[in-house]
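So the structure is just underneath, and the comments pick up after that.
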Amino acid sequence: MANHIVKTGFVLNKWNEANVFVYLPMRSNWLGESVFFWLQGRFMTTSKRVQDRSSKKRVHDLEIVTEKWKIASKVLAVMEVLKMEQEMVIRVRDLEQHRTKINLPKPHKISDFLRKSPKLFELYKDQRGSLWCGMTKAAEDLVEEQERLIEENSDKAAEYVTRCLMMSADKRLQVEKIAHFRRDFGLPLDFRIKWVHNYPKLFKVVNSGDGVEYLELVAWNPDWAITELEKEVLGITEASGHEPGLLSLSFPLKFPPNYKKVYRYGGKIEHFQKRHYLSPYADARGLIAGSLEFDKRAVAVMHELLSFTIEKRLVTDHLTHFRREFVMPQKLMRLLLKHFGIFYVSERGKRFSVFLTEAYEGQELIEKGTLVIWKEKLLSLVGYRGKKKKIETFSDLSDLEDSNLIENNSENESISMQFEHEETMGDLEDALLVDNTEMEVGEVGKA
């Protein structure tokens with residue numbers, strides 16, 4: 001642009017006075033167009049991304065919760081892989097094919113990840129030097145406890161799945177998509193094969209012409225067509241003639257404690273809270289996408305879905321899978337970020353998480369179910385003490401079964417250790433939350 005102006009100035013020097021007045025409006029247009037395109041590019045590249053938020057809008061406690069969840073999800077993924085093996089042992093190199101499920105990005109080594117939780121995983125070598133992994137007695141006990149708790153939670157999980165079907169536009173959802181909510185709803189590992197057939201009075205599996213399996217609603221339950229917000233604010237627990245329709249309920253708001261500029265949005269927030277909206281269980285196919293009523297109903301749907309989950313949080317990728325089924329906007333992330341008093345989006349890692357802010361007090365869930373308490377117990381065993389221990393070598397698998405190593409935890413007295421430091425699932429250091437990179441187990445705080 002600068003070169004263009006210089007060259008133009010050189011030409012102007014040769015023009016007469018009359019031509020100068022002809023050229024000036026042309027130059028003005030060129031400069032105007034340049035400014036216009038620069039501003040257009042500026043506005044197009046500036047979006048309400050999570051990374052663009054002010055640090056004053058970030059909730060440090062919920063970022064820590066996200067880190068703990070990420071570590072727990074990796075550990076649970078390894079345990080689920082081991083459960084599928086006949087002897088609940090597997091070669092570490094075979095775990096590589098499950099790297100995506102474990103969500104452990106390269107260049108992190110799976111063997112290093114396993115070594116950092118010796119209270120849960122035992123490593124040993126066979127005669128050929130191949131590294132194997134199994135679960136400790138403590139981990140096996142946790143697996144049994146989890147299965148029992150999931151069985152006890154099964155009826156409640158079936159209710160939430162049914163209510164998801166009731167909120168959907170066609171009263172059916174793909175089984176594969178519901179599987180995204182398996183851990184969040186407390187569904188068993190055999191969800192697709194067995195569990196979906198355990199409640200024939202609520203839903204059934206149907207096959208489409210293209211081979212896709214759907215879970216379809218069998219019976220509408222009017223008592224379940226009442227939102228969690230209605231139950232909390234209005235105290236309604238039974239339908240008794242109540243039909244899902246227009247609602248006028250304000251959503252609970254909880255802003256970051258260090259965010260001091262809410263007054264600028266006070267009018268907009270108050271206007272949004274007073275606006276009527278359609279119940280998530282009412283037919284929303286007539287709503288116009290992009291309208292105020294459409295967006296507020298979408299907020300109500302997300303509020304209801306998060307209320308169903310065990311930890312009142314979801315991976316945002318999972319929500320986007322249901323935009324068409326739940327009649328939600330295409331730019332769902334923008335809506336979540338806009339209503340940061342109702343939801344909080346964590347940017348840790350490659351996958352974002354959304355929290356229901358009202359459900360948390362600091363780092364703690366206000367109401368903890370049995371599966372949340374179980375996960376906290378699991379996290380208490382994550383991490384390691386002292387130096388890495390020497391990996392024992394066994395002649396074959398039978399030696400492993402006969403040895404006491406599989407019965408003992410990582411603090412086996414027969415293994416010499418020097419305790420130089422301790423690494424456990426304690427509080428996170430502020431410095432750990434500076435960037436958005438993946439964190440290892442050992443980085444999640446010090447006792």
Side-chain angles (χ1 to χ4, degrees), residues 73 76-77 79-81 83-86 97-103 146-147 149-225 227 244 278-287 289 297-298 301-302 304-310 314-330 332 351 371:
S73 65
L76 283 171
M79 294 173 71
E80 288 179 356
V81 172
K83 282 173 62 178
M84 300 297 290
E85 299 296 319
Q86 186 173 1
Q97 61 184 330
H98 301 284
R99 182 179 282 272
T100 302
K101 180 179 180 180
I102 300 173
N103 195 25
Q146 183 194 32
E147 292 175 349
L149 293 175
I150 288 177
E151 179 65 27
E152 294 174 356
N153 186 65
S154 183
D155 290 346
K156 196 65 179 178
E159 175 189 336
Y160 290 150
V161 171
T162 304
R163 292 171 73 177
C164 286
L165 295 173
M166 292 167 63
M167 284 193 294
S168 64
D170 299 326
K171 304 300 177 284
R172 69 174 191 172
L173 297 169
Q174 286 188 28
V175 174
E176 193 63 32
K177 287 187 177 182
I178 299 176
H180 291 305
F181 291 161
R182 181 176 64 81
R183 290 181 184 173
D184 302 303
F185 283 7
L187 300 173
L189 193 58
D190 61 353
F191 160 76
R192 299 177 184 84
I193 302 172
K194 296 180 180 179
W195 189 87
V196 290
H197 302 288
N198 291 342
Y199 297 90
K201 294 183 179 180
L202 299 179
F203 41 72
K204 62 181 179 180
V205 178
V206 295
N207 293 308
S208 64
D210 53 0
V212 179
E213 287 189 338
Y214 288 87
L215 201 62
E216 192 173 89
L217 182 69
V218 170
W220 179 276
N221 188 338
D223 292 339
W224 288 353
T227 64
L278 201 60
S279 169
Y281 299 98
D283 189 358
R285 284 176 288 192
L287 291 179
R297 180 194 173 275
V301 171
M302 290 185 288
E304 189 77 349
L305 283 174
L306 289 169
S307 299
F308 294 165
T309 60
I310 294 171
L314 278 173
V315 176
T316 56
D317 294 352
H318 296 170
L319 281 171
T320 56
H321 288 303
F322 296 92
R323 286 180 297 205
R324 186 190 63 80
E325 290 86 344
F326 291 145
V327 194
M328 293 194 292
Q330 289 291 327
L332 189 58
R351 306 178 72 185
L371 286 170

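Every residue was checked against the side chain to side chain donor-acceptor pair (under 3.5 Å) condition with E216, not counting sequence neighbours, and none meets it. Here R297 pairs with nothing under the side chain to side chain donor-acceptor pair (under 3.5 Å) rule; sequence neighbours left out. In this structure, E213 has no side chain to side chain donor-acceptor pair (under 3.5 Å) partners at least two apart in sequence or on a different chain. In this structure E159 satisfies the salt bridge (Lys or Arg N to Asp or Glu O under 4.0 Å) test together with K156, R163, sequence neighbours excluded. Taking D283 as the reference, R285 meet the side chain to side chain donor-acceptor pair (under 3.5 Å) condition, with sequence neighbours excluded.
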With side chain to side chain contact (heavy atoms under 4.5 Å, CB included) as the criterion, how do Q146 and M79 come out once you've worked through the C-alpha distance, each side chain's angles and the decisive distance to 0.1 Å?
CA-CA 11 Å; Q146 183 194 32; M79 294 173 71; over 6 Å; no
Between L173 and C164, is a side chain to side chain contact (heavy atoms under 4.5 Å, CB included) present by the stated rule, with each step listed?
CA-CA 8 Å; L173 297 169; C164 286; 4.1 Å; yes
Please evaluate residues S307 and Y160 with respect to the criterion side chain to side chain contact (heavy atoms under 4.5 Å, CB included), reporting the C-alpha separation (whole Å), side-chain torsions for both, the decisive distance (0.1 Å), and the verdict.
CA-CA 10 Å; S307 299; Y160 290 150; over 6 Å; no
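For K177 against F322, the heavy-atom pair with the smallest separation is O-CZ, 3.4 Å. When all heavy atoms of D170 and R324 are compared, the pair lying nearest together is OD2-NH1, 3.6 Å. The two residues P244 and S279 have their closest heavy-atom pair at CB-OG, 3.8 Å. Closest approach of L202 and A158 over heavy atoms only: CD1-CB, 4.1 Å. Counting all heavy atoms, side chain and backbone alike, F181 lies closest to L187 at O-CD1, 4.5 Å. Minimum interatomic distance between M166 and N221 (heavy atoms only, all atoms of both residues): CE-O, 3.2 Å.
Two residues are said to be in side-chain contact when any heavy atoms from C-beta on lie closer than 4.5 Å; V161 and F308 fail this criterion. Using a 4.5 Å cut-off on side-chain heavy atoms (C-beta onward), T320 and R323 make contact. The shortest distance between side-chain heavy atoms of W195 and I150 does not fall below 4.5 Å. Side-chain contact check for Y214 versus V205: every heavy-atom pair is 4.5 Å or farther apart. The closest side-chain heavy-atom distance from M84 to H98 is not below 4.5 Å. When side chains are defined from C-beta on, L217 counts as touching T162, because their heavy atoms get closer than 4.5 Å. Side-chain contact between Q174 and H321 is absent, with no heavy atoms from C-beta onward closer than 4.5 Å. Within the 4.5 Å cutoff, the side chain of L371 has heavy atoms near those of the N153 side chain.
Residue pairs meeting the salt bridge (Lys or Arg N to Asp or Glu O under 4.0 Å) criterion with at least one member in residues 189-203, sequence neighbours excluded, are E176-R192.
Counting only distance, with no hydrogens or angles, the side chain of S168 and the backbone of L165 share a donor-acceptor pair below 3.5 Å.
Environment of CD in E151: sparse, with no more than 12 heavy atoms of neighbouring residues, nucleotides or ligands closer than 6.0 Å.
Separation of the F185 and F191 ring centroids does not fall under the 6.0 Å cut-off.
Rounding to the nearest 0.5 Å gives a distance of 5.5 Å between NZ of K83 and CG of L189. Between the CZ atom in R183 and the NE2 atom in H318 there is a gap of 9.5 Å [rounded to 0.5 Å].
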